[in-house]
Each structure stands twice: as structure tokens, then as C-alpha cells.
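By convention here, the first residue in the shown sequence is residue 1. Only a predicted model underlies this, so the values are computations on that prediction, with no experimental measurement involved.
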Amino acid sequence: FILSEDQDEKKLLTEFLSFIRSLDPDCIITFNGDNFDLPYIEYRLKLYDLDFNIGYANQKLQQSKIDGRFRLSGKAVVDLYPKTWYIHTKTGKKRLIDIAEYFFFSEEDKILKLEIPELPGSLFNKGNIPLLQQYVEQDVKITFELFHKLFAGEMALVKINGAPYSDVLLQTQRVNGEFLLMRILFENNIIIPSKPKKGDIQINKQKRKEHPHTGGQVITPKVSTAENVIIADFVSMYPTLMSSGNIGSESFLSDSQFS
């Protein structure tokens, strides 16, 4: 969708919303969409008293006041950008093209790198439109491929724990694990304890203070300055050990049962 200087923006926005509703996507994927694309579109819509209603039964796409993420009931709205924070690109930048080079491209691949200030004259010059279109198409393809690269684990998790697709992509590993645990408990007719109230939480905190659990031994490191330090982090250590060793009150098998 390209808006030229002599076009009606409200009409274009209406057509844009109708186009998304006609696609009826299960998943809306963006790169830094929570911070830029979606808030900007929402701002332009508000100028014309239009709602960002692209969900089922005209439900609106809304931004959470807690974490800033956009959500839409029954659909997964996924911003890939937070998933790339751990990636160290060659340039040190976290642009989509830098992430794409890290995952997909070699030095021999031809990639269209375009900075908007480099375009001669007005952004909407007819000579710039084909180049912009090629650049946008490339971004769309990269975003689509990057989604499958970054969310392969979550997509497999949908099949394992049976949670709604939109929830699995947005929830943390801990919450997804709890969903699977609740499913196992339900299948075994085990009642799940109610969520503690605020008063109960305070009582439990006080009990832990009075009867603390020592836990594992933590060695205090020597304070000093060092060079060439390598950080090795065991991701999801406890879930990994529980899974590999089949350790859990509902799944543990004794030697006699296993044999």
C-alpha cells in the first residue's frame, strides 16, 4: 500500500484493514512492530476515527499497558525483535538486514541495502517506487523466514502441550511448562491447587524467612578485573535436567516399573 501526495489516506487505511480481514491470518509477524509499525498505524487510524479492528468479530488490536506488546484474541501477534537481543551481528546493529545476514546470507549473496535518506528527492518520486517495493518485498520474505528460524521450538511446543498457538508464542517457557503440567494433572484427575491470595502469599513469605531453605552452595567470586572472559550459561537448567532424567512427581518411573 503506497500513499501518494494526491491520494486519500483514510480510504487507503480502510482498504488496508479490509485486506487484512480478508486474509484472516492466524499469525501477524513483525520486526520491531510493537515499538514502531503497529503504534504508527494505530496513530494514523485514530486521526480518522478508525479502529484497528482486524480480529474476529471486528475485535481491535490493542497494546498492553504492562509489556507494550500488541495482542489480538485468537490470533498470534509476534514481534521478532526481542528474540534477536542475544544475537551478535557483524555490524553490531540489530536491524532486520543485519539479523538476516547472521542467519541466512553469505558475502556472495546479493542483498538490497537501502537507507531512506539515500533516496534522491522526495520519497514518493516515481523513480523510487520500484526500488522501495523491491526493498519491502525483501523485508517481508526475511521476516517470514526469520519467524520459522526463531520460533521453531515454540511451534513444536504447540504440539506437545496443546495450548492455543497464540498463547504459546507469547508466553514464557515457565508458563508454557505450567500449562503442560496442568494438562497432565487434569488427565490424571488430580485437583490443581487454587492460586494463593495476597494474604496467603505474605504468610508464605514470612514462613520462608523463619524456616529458610539453604539451597545449593554458591561460591563468592573474587573481585577483580579480567580480560577475555567467556560466559557459559546453562539455558533452562532445571527443566532440562527434569526432562532428560524423567524427574517429576507425576512422571518418575522406578527401576522396577521401567523394567
Side-chain angles (χ1 to χ4, degrees), residues 1-85 87 93-100 112-147 150-151 164-167 169-172:
F1 290 83
I2 300 176
L3 179 68
S4 61
E5 296 176 352
D6 58 346
Q7 283 182 312
D8 182 1
E9 184 180 19
K10 183 176 181 179
K11 180 181 178 182
L12 181 135
L13 290 170
T14 303
E15 292 174 352
F16 171 72
L17 295 176
S18 299
F19 174 73
I20 296 179
R21 285 194 290 266
S22 66
L23 292 177
D24 192 22
D26 294 317
C27 185
I28 299 174
I29 309 168
T30 66
F31 186 85
N32 202 29
D34 287 341
N35 296 314
F36 176 73
D37 302 81
L38 297 179
Y40 179 76
I41 295 173
E42 186 179 48
Y43 169 74
R44 301 308 301 179
L45 289 170
K46 287 182 178 179
L47 292 179
Y48 301 100
D49 294 324
L50 296 174
D51 292 326
F52 213 156
N53 53 347
I54 56 175
Y56 300 118
N58 286 330
Q59 288 183 331
K60 293 193 296 184
L61 183 69
Q62 296 182 333
Q63 190 172 23
S64 170
K65 294 181 180 180
I66 299 176
D67 57 16
R69 292 179 176 179
F70 277 82
R71 287 179 169 82
L72 189 61
S73 297
K75 297 181 183 291
V77 183
V78 182
D79 186 354
L80 302 181
Y81 184 68
K83 274 277 188 176
T84 64
W85 290 345
I87 297 173
K93 299 179 180 179
K94 296 297 178 68
R95 300 173 303 176
L96 180 60
I97 196 66
D98 300 306
I99 303 299
L112 177 60
K113 296 184 179 180
L114 174 64
E115 299 291 344
I116 296 302
E118 296 176 359
L119 293 174
S122 171
L123 181 65
F124 299 103
N125 281 349
K126 292 183 178 179
N128 292 335
I129 298 301
L131 187 62
L132 277 172
Q133 184 176 359
Q134 183 183 353
Y135 184 70
V136 171
E137 288 177 355
Q138 176 182 267
D139 275 6
V140 170
K141 292 177 181 178
I142 291 174
T143 302
F144 180 77
E145 295 296 333
L146 191 60
F147 170 77
L150 295 175
F151 284 89
Y165 181 69
S166 56
D167 291 345
L169 294 180
L170 295 175
Q171 292 171 165
T172 62

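- Taking CG of Asn32 as the reference point, atom CG of Asp34 lies at 8.0 Å (rounded to 0.5 Å).
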Give the C-alpha distance, both sets of side-chain angles, the deciding distance and a yes or no for side chain to side chain contact (heavy atoms under 4.5 Å, CB included) between Ile97 and Gln138. CA-CA 9 Å; Ile97 196 66; Gln138 176 182 267; 3.9 Å; yes

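- Residue pairs meeting the side chain to side chain donor-acceptor pair (under 3.5 Å) criterion with at least one partner in residues 36-46, sequence neighbours excluded, are Glu9-Arg44.
- Two residues are said to be in side-chain contact when any heavy atoms from C-beta on lie closer than 4.5 Å; Leu50 and Lys10 meet this criterion.
- Considering OG of Ser22 and CD of Glu15, their distance stands at 11.5 Å, rounded to 0.5 Å.
- Residues Leu45 and Leu17 form a side-chain contact, since some pair of their non-hydrogen atoms from C-beta on lies under 4.5 Å apart.
- Between the CZ atom of Arg21 and the CG atom of Leu23 there is a distance of 11.5 Å, given to the nearest 0.5 Å.
- No donor-acceptor pair closer than 3.5 Å links the side chain of Arg71 to the backbone N or O of Ala76.
- Each salt bridge (charged side-chain N to carboxylate O under 4.0 Å, His left out) pair with one or both residues in residues 47-66, not counting sequence neighbours, would appear here, but there are none.
- Closest approach of Ile87 to Leu150, counting heavy atoms only: CD1-CD2, 4.5 Å.
- Every salt bridge (charged side-chain N to carboxylate O under 4.0 Å, His left out) that Asp98 has, sequence neighbours left out, goes to Arg95.
- Across all their heavy atoms, Pro25 and Ile28 have their closest contact at CG-CG1, 4.0 Å.
- In this structure, Leu146 and Leu96 have side chains that are in contact, with non-hydrogen atoms separated by less than 4.5 Å.
- Within the 4.5 Å cutoff, side-chain heavy atoms of Tyr56 are placed close to those of Lys75.
- The CG atom of Leu80 sits 11.5 Å away from atom CZ of Phe144, with the distance rounded to the nearest 0.5 Å.
- Taken to the nearest 0.5 Å, the CD1 atom of Ile29 stands 8.0 Å off from the OG1 atom of Thr143.
- Minimum heavy-atom separation, Lys94 to Tyr81: O-CE1, 3.6 Å.
- Remark: Phe52 CZ to Leu13 CG distance equals 9.5 Å, nearest 0.5 Å.
- The shortest distance between side-chain heavy atoms of Ile41 and Phe16 falls below 4.5 Å.
- Here the closest heavy-atom approach between residue Gln63 and residue Pro39 is recorded as NE2-CG, 4.4 Å.
- Side-chain atoms of Phe31 and Thr84, non-hydrogen and from C-beta on, do get closer than 4.5 Å to each other.
- Minimum interatomic distance between Leu61 and Phe70 (heavy atoms only, all atoms of both residues): CG-CD2, 3.7 Å.
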